[in-house]
Amino acid sequence: MSETYESRAYFTLNYRNLPDSLLLGENSNNQIEAKLRTSGFQFLYYKIFRSRVDIDVSQVTYQDGKYVLDEQVLIRQMDQQLSQNISLLDLDPNVLDVDLYKVDSKKIPIQANLNLQLQQNYILDGKVNISPDSVVVKGPKSEIDTIKVIKTSPVQLSNVSEDFSSDVSLLFPKGLDNSIFSVGRATVFGKVSKFSEKVFEVSVQVRNIPEGYQVKTFPNSVTILCKATIERLKEISASDFEVVADYGQLDGSESSKLFLEITESPLKVYDVKLEKRTVNFVLEQQ
């Protein structure tokens, strides 16, 4: 076993350093045959322990419509991974065709497939968050152009009264055999707070009054029911709301009522609602 021999060994190929613009197809060679000169012990060692070599794909060249690694590049890469007392004599194949194809990349938003049922008197404080909020897909343009959104697997949360967080898998469309995605999972999370209600008395503002006239509404103020967290309600006042009656909506009709609309309301509230949708009015000449 200590004598020098010339013999052949098979190495499994591990493709590395793929350029960002290319993807590895399914038809690349997965092994290569090498003629080596070394001791019998080394042959035994490589047959048992060293049957895999890394191939640096970034060194491919494009020739006659194919991506190839020529013999000199292959020998240099393999020599760097063999022991010094091993001579690499020949390769079969001596030129390696690498099945690569050009790809585009696209950033796709992730959408939570969430069914959230909150406990009574609790609200979602803000929006449902997803981390990461998007996924990068690489593949043929014809495949990835059709993808608009990536959904998570279904998340069912019931009787929730506190902040939540769920780690879920992503659901990828079928038929994307030549595309890859940067992530396969995401975290869906949100803040939950207890809410309360508060009533605000807000004056009615009338717009589009005919020139030379004035409008008086009855009543001249209305109540708004606001739902928000207890902490947020402490920060809100009636001046944060605006209620408008548009005289122009009558458009010549003889109605004695004006419809009301909330045109301004504070941020970070769960719901705002007028307790009265219309007011009576009189039109008086100035």
Side-chain angles (χ1 to χ4, degrees), residues 107-131 133-134 148-152 155 157-164 188-286:
K107 192 174 183 179
I108 310 293
I110 298 174
Q111 185 180 92
N113 185 6
L114 174 65
N115 185 359
L116 177 65
Q117 297 177 359
L118 296 166
Q119 201 174 107
Q120 188 175 3
N121 295 332
Y122 284 85
I123 60 172
L124 181 64
D125 193 355
K127 64 179 182 178
V128 175
N129 297 289
I130 308 174
S131 180
D133 62 1
S134 59
K148 304 302 180 185
V149 67
I150 298 295
K151 292 187 176 182
T152 69
V155 181
L157 300 175
S158 302
N159 203 33
V160 177
S161 61
E162 59 186 11
D163 298 349
F164 61 90
V188 178
F189 60 99
K191 184 178 180 181
V192 173
S193 299
K194 192 170 185 178
F195 78 85
S196 187
E197 300 177 341
K198 188 174 181 180
V199 173
F200 298 89
E201 189 78 16
V202 181
S203 299
V204 176
Q205 308 294 322
V206 183
R207 293 178 178 172
N208 297 318
I209 302 173
E211 187 176 354
Y213 289 84
Q214 64 179 6
V215 170
K216 291 184 178 180
T217 63
F218 302 93
N220 61 5
S221 64
V222 291
T223 54
I224 291 179
L225 179 65
C226 180
K227 295 181 180 180
T229 64
I230 297 173
E231 293 76 11
R232 182 68 179 121
L233 286 175
K234 293 177 182 178
E235 303 169 347
I236 298 173
S237 65
S239 62
D240 294 317
F241 299 89
E242 182 179 75
V243 177
V244 169
D246 186 359
Y247 185 84
Q249 69 186 252
L250 296 178
D251 196 24
S253 72
E254 297 182 356
S255 174
S256 61
K257 292 182 180 293
L258 292 173
F259 286 96
L260 301 176
E261 180 185 2
I262 300 174
T263 56
E264 289 186 14
S265 60
L267 299 174
K268 297 182 180 179
V269 298
Y270 176 57
D271 189 29
V272 290
K273 183 170 61 177
L274 282 165
E275 294 194 337
K276 186 178 180 67
R277 300 296 302 177
T278 62
V279 288
N280 295 317
F281 75 96
V282 292
L283 180 66
E284 298 178 344
Q285 191 169 10
Q286 293 179 331

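Keep in mind it's a predicted model, so treat the numbers as computed, not measured. Residue numbers run from 1 in the order of the sequence given. Because only heavy atoms are used, hydrogens play no part in the values below, and waters and symmetry mates are left out as well, while side chains stay in.
- The CZ atom of F259 sits 12.0 Å away from the CG atom of D246 when rounded to the nearest 0.5 Å.
- The distance from atom CD of E264 to atom OG of S239, rounded to the nearest 0.5 Å, is 10.0 Å.
- The minimum heavy-atom distance between V269 and P266, with the atom names listed, is CG2-O, 3.5 Å.
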Would you check, one step at a time, whether the test side chain to side chain contact (heavy atoms under 4.5 Å, CB included) holds for I236 with F241?
CA-CA 9 Å; I236 298 173; F241 299 89; 3.7 Å; yes
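- You'll find the side chain of N280 reaches within 4.5 Å of the side chain of K257, heavy atoms only.
- Here the straight-line distance linking atom OG1 of T278 with atom CG of L260 works out to 6.5 Å at 0.5 Å rounding.
- Using a 4.5 Å heavy-atom cutoff, the side chains of L118 and F195 are not in contact.
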List the atom pairs, donor and acceptor, that lie under 3.5 Å between side-chain atoms in residues 215-229 and the rest of the protein, sequence neighbours left out.
{"from": "T217", "atom 1": "OG1", "to": "P219", "atom 2": "O", "distance (Å)": "3.0"}
{"from": "S221", "atom 1": "OG", "to": "E201", "atom 2": "OE2", "distance (Å)": "2.7"}
{"from": "T223", "atom 1": "OG1", "to": "E275", "atom 2": "OE1", "distance (Å)": "2.9"}
{"from": "T229", "atom 1": "OG1", "to": "R232", "atom 2": "N", "distance (Å)": "3.1"}

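- Aromatic rings of F281 and Y247 (six-membered ring for Trp) have centroids within the 6.0 Å cut-off, being under it.
- Atom CG in D163 sits 8.5 Å away from atom CG in D125 (nearest 0.5 Å).
- For the atom pair CD of Q120 and NZ of K194, the computed distance is 10.0 Å after rounding to the nearest 0.5 Å.
- The minimum heavy-atom distance linking N208 with G248 is given by the pair CB-N, 3.8 Å.
- Between the side chain of N129 and the main chain of G190, no donor-acceptor pair closer than 3.5 Å is present.
- Within a 6.0 Å sphere centred on CZ of F189, heavy atoms belonging to other residues, nucleotides or ligands number more than 12.
- Of the possible polar contacts, none joining the D133 side chain to the I130 backbone as a donor-acceptor pair under 3.5 Å is found.
- Across K107 and S134, no two heavy atoms sit closer than the pair CE-OG, 2.8 Å.
- Shortest non-hydrogen contact noted between A245 and V204 is CB-CG1, 4.0 Å.
- To the nearest 0.5 Å, the span separating OG1 on T152 from CG on L114 amounts to 7.5 Å.
- Side-chain atoms of R207 and T263, non-hydrogen and from C-beta on, do get closer than 4.5 Å to each other.
- Using a 4.5 Å heavy-atom cutoff, the side chains of N159 and Q119 are in contact.
- Here Y122 pairs with nothing under the ring-ring contact (aromatic ring centres under 6.0 Å, His included) rule; sequence neighbours left out.
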Does F200 form a side chain to side chain contact (heavy atoms under 4.5 Å, CB included) with D240? I'd like the steps, not just the answer.
CA-CA 10 Å; F200 298 89; D240 294 317; over 6 Å; no
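- Between I230 and S196, the shortest heavy-atom distance links the atoms CG1-CB, 3.9 Å.
- Using a 4.5 Å cut-off on side-chain heavy atoms (C-beta onward), K191 and S193 make contact.
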